[in-house]
Amino acid sequence: MKLTKLLERLTFTCLQGDLDIDVTGIFNDSRKVTEGSLFLCIAGAVTDGHTYVEDVVKKGAKVLVVQHPVEAPKDVTVIQVEDSRYAMALIAAAWYGYPSEKLKVIGITGTKGKTTTTYMIRSILEAAGHKVGLIGTIEAIIGDTVIPAANTTPESMTIQEYFAKMVEIGCDSVVMEVSSQGLMLHRTAGILFEIGIFTNLEPDHIGPAEHSSFEDYLECKSRLFKQCRLGILNADDKHLEEILKGHTCEVETYGFGEGADYRASEVHLVSNPGYLGVAYHLTGKRDFQVEIDIPGKFSVYNSLAAIAVCDCFGVTQENILTALKQAKVKGRIEMIKVSDEFTLMIDYAHNAMSLESLLTTLKEYHPKRLVCVFGCGGNRAKSRRFEMGEVSGRLADLTIITSDNPRYEEPEAILQDIETGMKKTSGKYKKIIDRKEAIRYAIHHGQPGDVIVLAGKGHEDYQEICGVKHPMDERVLIAEILEEDQAKA
């Protein structure tokens, strides 16, 4: 592809070399550079691509995109831009033929609810006959291809590659999670979203390697509403006005308040042995009864956002209701049927805030007992262990402390730290290091009316020990336990 084509939407300065040359590939990883390619010098948090100039030129790079001048042979074209990450997003879009312009792109940002809402929207649109790609925290889905995710929002080159593959197989739309980091690092630059969704905002991702302050975190989230045609936002969130500051899109809202375009009323919890859900009456732009097989008030918010999006696509009420009942997210309040007497579920809650939210939601169903099985990852802040122990001790009737991803720490030491937090409460607890045995104990001691939650692992299908990821899927462990019980019977 001609370099001029790759740079057509960029503001740049050519420091040296020829613009009228062919480029054979685009890379930001010096190890992958090939003869005749373009290399983007990205100043990252860990390494600076500018320091690899000599190396990539030796490998045959003919174009360098830089933020500051570098020394390079005269036959190498050097393009200077203000921000090489922003440039990478636009160059990648051009390289793949601007695939986002051939798709209706739906982006979801917010502290919580992004993943579940993403799957709900995909479920409804697919039920209505659309072919929908997905990019999110758990995985990317391109037709029958499922790619495990490394980041909630991948690098721009990966996004554009995924979009191109989606177009190739006939997708007409894509729904994706848009993280504050993704917006801050220009991973979605150059994409005009058909719809942008805002779920909620709470202090999160603030620290040296993430956002400098809550204000910075909020500002990054708000950028989505300067690059979408329609914004669909949670009317009940106290930060709504700030999120919409400077917005350039049309606006619709959802929530419980009277002013929302899609609002839920008459909300009531649905509870049966082995099943928890929530139902409500939708009013505003649509009017019908809704029931979802995912418990909690936040599920109402997620479904309202999904309904608002699908209404823009002209989806029928019948398709919406059917698809909402079928929408499931691996590891997000994922109910696993093991008994007609009690409820067992798996959830990704792996910090104090998410665990408190989960357990508080489940307590609203007034279970006979709320049983929480969880551990904490090794080589992470010890404070998380104390906090999660205290939360579970305060909210659960019984806590079973077990191993998560111990990494390079001794599991017993991690359990002791969790126990320190537990002891600040009067909550009952039991320590069982082996996760399978902890789950077995919870199932074997389940009582009628109990709700048992396995927290922390969620969609993960491994356990990391001393740098090695060993296969471990809680769904598989549960199936094995039930099979073993049956064999003994």
Side-chain angles (χ1 to χ4, degrees), residues 115-116 119 123 136-139 141 144-149 271-277 292-295 325-350 354-355 358-359 362 365 367-377 392 396 398-406 411 415 430-465 468-489:
T115 302
T116 301
Y119 281 85
S123 178
T137 301
I138 299 173
E139 61 204 359
I141 302 173
D144 295 327
T145 304
V146 177
I147 306 160
S271 177
N272 297 305
Y275 170 86
L276 301 177
I292 325 154
D293 294 0
I294 308 171
K325 289 287 284 181
Q326 294 169 348
K328 299 286 184 291
V329 187
K330 188 177 183 183
R332 299 300 196 277
I333 312 191
E334 179 186 356
M335 282 177 273
I336 309 290
K337 182 75 170 176
V338 298
S339 169
D340 291 328
E341 295 189 325
F342 59 84
T343 304
L344 175 71
M345 65 182 66
I346 295 171
D347 192 82
Y348 188 51
H350 60 288
S354 57
L355 187 64
L358 172 66
L359 297 181
L362 296 177
Y365 285 81
K368 179 176 181 181
R369 293 186 312 165
L370 180 54
V371 180
C372 181
V373 181
F374 84 97
C376 289
S392 190
L398 172 65
T399 300
I400 302 170
I401 309 171
T402 188
S403 189
D404 193 296
N405 293 318
L415 267 65
K430 187 173 182 66
K431 292 194 296 181
I432 303 175
I433 291 179
D434 184 281
R435 199 168 184 102
K436 181 177 179 179
E437 293 309 311
I439 295 169
R440 190 193 307 275
Y441 181 90
I443 291 172
H444 287 176
H445 291 81
Q447 297 175 15
D450 280 357
V451 171
I452 302 169
V453 59
L454 314 181
K457 296 296 290 176
H459 60 275
E460 291 180 356
D461 58 4
Y462 64 84
Q463 185 173 45
E464 188 178 341
I465 303 170
V468 179
K469 289 184 176 180
H470 301 270
M472 192 191 77
D473 186 323
E474 290 187 320
R475 294 149 206 79
V476 174
L477 297 184
I478 292 165
E480 287 175 355
I481 291 165
L482 297 180
E483 284 172 16
E484 288 159 9
D485 289 349
Q486 202 169 9
K488 289 177 185 174

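Just so you know, these numbers use all the heavy atoms, side chains as well, and skip hydrogens, waters and symmetry mates. Residue numbers count from 1 along this sequence.
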If I take atom [atom1] from residue [X] and atom [atom2] from residue [Y], how far apart are they, to the nearest 0.5 angstrom?
| X | Y | atom1 | atom2 | answer |
| --- | --- | --- | --- | --- |
| Lys337 | Ile478 | NZ | CD1 | 13.5 Å |
| Ile138 | Lys330 | CD1 | NZ | 8.0 Å |
| Phe342 | His445 | CZ | NE2 | 11.0 Å |
| Ile346 | Glu474 | CD1 | CD | 5.0 Å |
| Ile401 | Lys430 | CD1 | NZ | 11.0 Å |

Considering all heavy atoms, the nearest [X]-[Y] contact:
| X | Y | answer |
| --- | --- | --- |
| Leu370 | Leu359 | CD2-O, 3.7 Å |
| Ile465 | Pro406 | CG1-CG, 3.8 Å |
| Ala327 | Ile294 | O-CD1, 4.0 Å |
| Ala349 | Leu358 | CB-CD2, 4.0 Å |
| Ala438 | Val373 | CB-CG1, 4.1 Å |

Sort out for me which residue in Glu464, Glu460, Arg435 forms a side chain to side chain contact (heavy atoms under 4.5 Å, CB included) with Met472. Arg435
Side-chain ([X]) to main-chain ([Y]) donor-acceptor, under 3.5 angstrom:
| X | Y | value |
| --- | --- | --- |
| Tyr275 | Thr343 | no |
| Asp450 | Arg369 | yes |
| Lys457 | Tyr462 | yes |
| Thr402 | Ile433 | yes |
| Glu334 | Gly331 | yes |
| Ser339 | Glu341 | yes |

Worked verdict on Asp461 versus Val476 for side chain to side chain contact (heavy atoms under 4.5 Å, CB included): CA-CA 9 Å; Asp461 58 4; Val476 174; over 6 Å; no
State, yes or no, whether a side-chain contact exists between [X] and [Y] at a heavy-atom distance under 4.5 Å.
| X | Y | value |
| --- | --- | --- |
| Asp404 | His350 | no |
| Val451 | Tyr365 | no |
| Leu454 | Ile336 | no |
| Ile452 | Ile443 | no |
| Lys328 | Ser123 | no |
| Pro295 | Ile333 | yes |
| Cys372 | Leu355 | yes |
| Thr137 | Arg332 | yes |

Do Lys436 and Asp434 sit within salt-bridge range, that is, some charged N less than 4.0 Å from a carboxylate O? no
Arg440 with Glu484: basic N within carboxylate O range, under 4.0 Å: yes
Just by distance, no angles: are the side chains of Asn405 and Lys469 close enough, under 3.5 Å, to form a donor-acceptor pair? no
Would you please test His444 and Asp485 for side-chain hydrogen bond (donor to acceptor under 3.5 Å, both in side chains) and show each step? CA-CA 10 Å; His444 287 176; Asp485 289 349; 2.8 Å; yes
Please test Ile141 against Tyr119 for side chain to side chain contact (heavy atoms under 4.5 Å, CB included), starting from the C-alpha separation and ending with a verdict. CA-CA 11 Å; Ile141 302 173; Tyr119 281 85; 4.3 Å; yes
